[in-house]
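Values in this document were obtained by computation on a predicted structure and should not be read as measured data.
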Amino acid sequence: MFRPPELFIGLRYTRARRRNHFISFISLISMLGIALGVTALITVLSVMNGFEQELRERILGMAAHATLSEFDGQLHDWEQVMGQVADAPHVEGVAPYVEGEGMFASGDRVSGALVRGVEPALEARVSRVGQHMVHGDMEDLEAGGYGVVLGRELARALGVEPGDRVTLITPKAAVTPVGVLPRMRRLTVVGLFEVGMYEYDRGTAFLHLDDARTIYRMDDAVSGLRLRLDDLMRAPIIARQVAADLEGRFWVNDWTRQHANFFRAVQTEKTVMFIILSLIVAVAAFNIVSTLVMMVVDKQSDIAILRTLGLSPPGVMGVFMVQGTVIGLLGTVLGVIGGVTLALNVETIVPAIESLLGRQFLPADVYYISDLPSDLEPGDVLRVGLLAFGLTVVATLYPAWRASRTQPAQALRYE
């Protein structure tokens, strides 16, 4: 009456009957183990994706997609070169910059920082620092005004606020009648920015391009040009093509070279986490082996009768493969639902837990990012679901094969 019989019998065996309540309990535990493993794997991969994306956006919000300079570390005739670069294909924005190291002092507090001279009207074309101002504006940097925009953590370390004055000490010394002295310049804090990445908030300061050239004695030159491209993943190819189309020899650099080891480490960590959590799913999936083995032992007489009625050994295998597959399928579906739900709400759940426990999981002075981002990718969900389901199918093979070796009832010996 029921076709195919393997499917009907296998589905019937998944329900508790008389003596096998314990077996059904083990089946439930296996199902929940698979669900928890899949949930954890999807959530962790989503957090890793969000972490990588957030880092990339914050780093590229401060660092340009590519930079172009001459081999001596300076770029002469930069206005002419900038005009040519701006007309190059795939270049969306270009801006000059001056970069140097310095030490800021305020009272008895001293802190080193990377000093970057920018043209405020052009900087918005290549970076998003203007969108992260918490006090003041980048336009407050005026040529000759010797104003400075500090990272919020840097200002906190110096104990200064907008309107206060700090002293910039540069490594280039000045020769005076009393000897060689470091060059110093008093600057006025005109703004603070916070991009949410401690490395930049703690160690970066912005000056006007003309003021930076004066302080670092670059005359009419700049350190180079910062480029924003239409496809950041092709930055190495586009940057080299732009340099090749220019007259002369130029040194080009891009974000993949500046932060290559960092993003490679993030990708490696993501791969390792996938492998480790996949083992958790595998352990839960192979619990099905013990469940089905106990079921085979419990159903020996039923299997023998089915064989007598004409059910072939492959049919017997199908019965127990259906039972194990149903357990794995339900566990996988529950895990996918739980993982997707958790991944979509992790940015809300984690702050709630932090507030409840009264502690922060990711302190800003220790980690690059102080919050926990999440980026759910359908490809990861599909890959995890197929992995879990495939492991459960594999786990059914041995018990099903063992069941298929049961002899028909007339071949059994009764005592």
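- By the 4.5 Å heavy-atom criterion applied to side chains, M218 and S223 are counted as neighbours.
- A243 approaches V252 most closely through the heavy-atom pair CB-CG1, 3.4 Å.
- Counting only distance, with no hydrogens or angles, the side chain of S374 and the backbone of A343 share a donor-acceptor pair below 3.5 Å.
- Here the options are T204, L150, V134, the test is side chain to side chain contact (heavy atoms under 4.5 Å, CB included), and the partner is F193; only T204 passes.
- Using a 4.5 Å heavy-atom threshold, the side chains of D230 and I238 count as touching.
- Between the CG atom of D219 and the OG1 atom of T214 there is a distance of 9.0 Å, given to the nearest 0.5 Å.
- Between the side chain of D375 and the backbone N or O of S46, no donor-acceptor pair lies under 3.5 Å.
- Of the inter-residue distances, the one linking L387 atom CG with L41 atom CG reads 7.0 Å to the nearest 0.5 angstrom.
- V336 has its side chain out of reach of V384: every pair of non-hydrogen atoms, C-beta onward, lies at least 4.5 Å apart.
- Distance alone, capped at 3.5 Å, places no donor-acceptor pair between the D245 side chain and the V242 backbone.
- Taking both residues in full, the closest heavy atoms of P120 and E139 are given as O-OE2, 3.6 Å, listed atom of the first, atom of the second, then distance.
- Atom CD1 of residue I275 and atom CE of residue M273 lie 11.0 Å apart, to the nearest 0.5 angstrom.
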- What do the steps show when you test T67 against Y97 for side chain to side chain contact (heavy atoms under 4.5 Å, CB included), and what is the final call? CA-CA 10 Å; T67 59; Y97 74 97; 4.0 Å; yes

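- Annotation: side chain of V44 is not in contact with side chain of F274 (no heavy-atom distance under 4.5 Å).
- At a threshold of 4.5 Å between non-hydrogen side-chain atoms, the residues E161 and D164 count as touching.
- With values rounded to the nearest 0.5 angstrom, L225 atom CG is found 8.5 Å from F250 atom CZ.
- Applying the salt bridge (charged side-chain N to carboxylate O under 4.0 Å, His left out) rule to pairs touching residues 100-126 yields E99-R116, E123-R226, sequence neighbours excluded.
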- Task: Before giving the answer on side chain to side chain contact (heavy atoms under 4.5 Å, CB included), spell out for H90 and D231 the whole-Å C-alpha distance, their side-chain angles and the decisive distance to 0.1 Å.
- Result: CA-CA 7 Å; H90 306 292; D231 187 355; over 6 Å; no

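- Distance alone, capped at 3.5 Å, is enough to place a donor-acceptor pair between the W78 side chain and the D220 backbone.
- In R249, the CZ atom is not crowded: 12 or fewer heavy atoms of neighbouring residues, nucleotides or ligands sit closer than 6.0 Å.
- Between atom CD1 of residue I29 and atom CD1 of residue I327 there is a gap of 12.0 Å, rounded to the nearest 0.5 Å.
- Sorted by first and then second residue, the pairs that involve residues 381-399 and meet salt bridge (charged side-chain N to carboxylate O under 4.0 Å, His left out), not counting sequence neighbours, are D380-R383.
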- Query: Is there a side chain to side chain contact (heavy atoms under 4.5 Å, CB included) between L45 and K270 once you walk through the steps?
  - Reply: CA-CA 7 Å; L45 290 180; K270 180 181 176 182; 4.1 Å; yes

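- The closest donor-acceptor contact from the side chain of T39 to the backbone of G335 lies under 3.5 Å.
- With hydrogens and angles ignored, the 3.5 Å screen pairs no side-chain donor or acceptor of D201 with any backbone N or O of R152.
- Taking CZ from R165 and OG from S106, the interatomic distance works out to 11.0 Å, rounded to the nearest 0.5 Å.
- Counting only heavy atoms from C-beta outward, the side chains of L227 and V126 never approach each other to under 4.5 Å.
- Across F389 and T332, no two heavy atoms sit closer than the pair N-OG1, 3.8 Å.
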- Item | Test log, rule side-chain hydrogen bond (donor to acceptor under 3.5 Å, both in side chains), inputs S111 and R202 | CA-CA 9 Å; S111 181; R202 180 64 176 81; 2.6 Å; yes

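- Annotation for A282 and L391: closest pair CA-CD1, 3.7 Å, computed over non-hydrogen atoms.
- For R234, there are no side-chain hydrogen bond (donor to acceptor under 3.5 Å, both in side chains) partners, not counting sequence neighbours.
- When all heavy atoms of V94 and A86 are compared, the pair lying nearest together is CG1-CB, 3.8 Å.
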- Message: Pair I215, Y146 - check side chain to side chain contact (heavy atoms under 4.5 Å, CB included), show working.
- Response: CA-CA 10 Å; I215 293 174; Y146 290 98; 4.1 Å; yes

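- Contact check for L246 versus L68: side-chain heavy atoms found under the 4.5 Å cut-off.
- For the residue pair T325 and T396, the shortest heavy atom distance occurs at N-CG2, 3.9 Å.
- Between V91 and L229 the shortest side-chain heavy-atom distance falls below 4.5 Å.
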